[in-house]
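Take a look at the structure below.
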Amino acid sequence: MDTLTGGTVVVRREQIAFTTVRSADVEIYELRARETPPTVEAHWELAEWCSQQRLRSQREEQLEQILVMDPDHEPARKALGHVLERGEWMTREEQMASRGYYLHNGRWVTQQELDLLEKSAAQRAAEKEWFSKVYAWVRWVAGTNERQRQQGVANLSAITDPSAVAALTSHMSDHELTFVRQLMVKICSEIPGPEPVRPLVRQSLYDRDGAIRELAFAGLREDQYEHAVSAYVAALRDDDNDVINRAGGALGKLADPRVVPALIDALVTKHTYQVQVPADTTIRPVASPQGATWSDPSWVSPYLPPNVELALRTGQLPFGVKVIPPPGARPQMRMARVQVQMQNAQVLGALEALTGQHFGYDERTWKLWWAAEGQKVLSKV
């Protein structure tokens, strides 16, 4: 292999992951990226250079590197199109999704508005007719009257009208009885068209019963896969790590290589959790405007003796005090936010199944490979 400087590099065949031809600017970028010091300033300088060379994906890569080192770096956040929402940085799509909005033909709408926009008046009227029927039959199924229960199951099982899906989902998808949710999945599996796809996908991702989740995925027909793929891709951005992995596993089975970029982005995801931790029991002195020294007013210990508190407040204990609660005392607790990075095994498995490549959780290598080989992969679809 010849280098840009005229040298020759010899690499053993088994050490080569893939080969491709790239522009000189990309080659220069790769060289600079390897030599860039691990500082915010150096990565920002390289990001600005990428902007000048119109290397969009490489610029985003550098901006993401900056955020690894400084998650609150405002210029990088803004350059990526992130916005500050309730003290937390997020993408515009994440911000609107957190508010319950979806993008429809360039306009943000609620889920209810989206449903209405996508349905005609005749469809809405047809759906409305089913709500009272399904409600009554579900009550029969969950009741104690054996004759009514059997009749309810028979009536529900006979449904094949796509207009009934909304009513079935409303009255059965979150029912406390496992049998009722299982029945809904079986009914939706027999209904043709795109209407039952979203309920089946939802059940395959969120149902608390693993057997029902498997049944829901198996209920998707081949002619419904196109609609199912988009729903599973959307679930890769879910807050729940288990849901992300389930979505990744499903996409691997649906075998649509167009989802590879979305899977790469979901290889490693960040999740924020609220956890209860012991409150800090160290009383540290802080300076008041008058120059006197007082105990930290943000935490008051019920175990602090009056004479110790007086000594602390009058500056006689400049290094603070450590309070040890008496035996059997219940420690004070506080809520803390913890951010955790998760490696998603089922997402990785889907990527490997769809591409035949094995780059582990190395997102950068996956993105480089896809930039070089993605069009070839898609041309075979």
Are Glu60 and Arg56 ion-paired here, with the side-chain N under 4.0 Å from a carboxylate O?
-> yes
List in chain and number order the residues that pass ring-ring contact (aromatic ring centres under 6.0 Å, His included) with Phe179, two or more places apart in sequence or in another chain; answer none if no residue qualifies.
-> none
Cluster companions of Phe131 among Ile, Leu, Val, Met, Phe, Trp, Tyr (side-chain spacing under 4.5 Å) = none
Show your reasoning for whether side-chain contact (heavy atoms from CB on, under 4.5 Å) applies to Leu351 and Trp370.
-> CA-CA 11 Å; Leu351 269 176; Trp370 183 252; over 6 Å; no
Where do Ser23 and Val26 land on the side-chain contact (heavy atoms from CB on, under 4.5 Å) test, with the steps shown first?
-> CA-CA 5 Å; Ser23 71; Val26 173; 3.2 Å; yes
Taking only residues two or more places apart in sequence or in another chain, which ones pass salt bridge (Lys or Arg N to Asp or Glu O under 4.0 Å) with Glu64?
-> none
Residues passing the ring-ring contact (aromatic ring centres under 6.0 Å, His included) test with Tyr225, sequence neighbours excluded, are none
Go through the structure and list residues passing salt bridge (Lys or Arg N to Asp or Glu O under 4.0 Å) with Asp174, not counting sequence neighbours.
-> Arg202
Pairing residues for Asn344 by the side-chain contact (heavy atoms from CB on, under 4.5 Å) criterion, not counting sequence neighbours | Asn241, Ile244, Asn245, Thr269, Met342, Val347
Quick one: which of Glu48, Gln65, His73, Gln62 gives a side-chain hydrogen bond (donor to acceptor under 3.5 Å, both in side chains) with His43?
-> Gln62
Side-chain cluster (under 4.5 Å, hydrophobic types only) that Val68 belongs to, other residues | none
Should we say atom CD of Glu226 is surrounded by more than 12 heavy atoms from elsewhere, each under 6.0 Å from it?
-> no
Taking the side chain as every heavy atom from C-beta outward, state whether Tyr29 and Cys50 have any atom pair closer than 4.5 Å.
-> yes
Please assess Leu251 against Val229 for the test side-chain contact (heavy atoms from CB on, under 4.5 Å), listing each intermediate value before the final yes or no.
-> CA-CA 7 Å; Leu251 288 168; Val229 164; 4.2 Å; yes
Taking 4.0 angstrom as the limit, do Lys376 and Glu373 come out as a salt bridge?
-> yes
Stepwise side-chain contact (heavy atoms from CB on, under 4.5 Å) check, Arg213 with Tyr206 | CA-CA 7 Å; Arg213 293 198 300 268; Tyr206 296 101; over 6 Å; no
Under a 4.0 Å N-O cut-off, is there an ion pair linking Glu190 with Lys186?
-> no
Would you be so kind as to tabulate the donor-acceptor pairs closer than 3.5 Å made by side chains of residues 138-167, with sequence neighbours excluded?
unit_1, atom_1, unit_2, atom_2, d
Asn145, OD1, Arg147, N, 3.0
Asn145, OD1, Gln148, N, 3.0
Glu146, OE1, Arg149, NE, 3.3
Glu146, OE2, Arg149, NH2, 3.1
Glu146, OE2, Gln150, NE2, 2.9
Gln151, NE2, Asn155, OD1, 2.8
Asn155, ND2, Gln151, O, 3.4
Ser157, OG, Val153, O, 2.7
Asp161, OD1, Ser163, N, 3.0
Asp161, OD1, Ser163, OG, 3.4
Asp161, OD2, Trp130, NE1, 3.1

Any side-chain heavy-atom pair of Trp49 and Glu45 under 4.5 Å = no
If you measure from CG on Leu168 to CD on Glu127, what distance do you get to the nearest 0.5 Å?
-> 10.5 Å
Non-neighbouring partners of Trp366 that pass ring-ring contact (aromatic ring centres under 6.0 Å, His included), sequence neighbours left out = Phe359
Side chains of Gln203 and Ser173: does their closest heavy-atom pair fall under 4.5 Å?
-> yes
Determine which pairs satisfy salt bridge (Lys or Arg N to Asp or Glu O under 4.0 Å) with at least one residue from residues 353-372, sequence neighbours left out, and list them in order.
-> Glu30-Arg364, Glu61-Arg364, Asp265-Lys367
Would you check if the side chain of Arg59 reaches a backbone N or O of Leu46 as a donor-acceptor pair within less than 3.5 Å?
-> no
Are Asp256 and Arg258 within salt-bridge range, i.e. N to O under 4.0 Å?
-> yes
Polar side-chain atom of Ser230 near backbone of His227 as donor-acceptor pair, under 3.5 Å | yes
Under a single-linkage rule joining Ile, Leu, Val, Met, Phe, Trp and Tyr whose side-chain heavy atoms are separated by less than 4.5 Å, which residues share a cluster with Leu67?
-> Val40, Trp44, Leu63, Ile66, Met69, Leu80
List for me each residue that meets salt bridge (Lys or Arg N to Asp or Glu O under 4.0 Å) alongside Arg181, sequence neighbours excluded, and say none if there are none.
-> Asp207
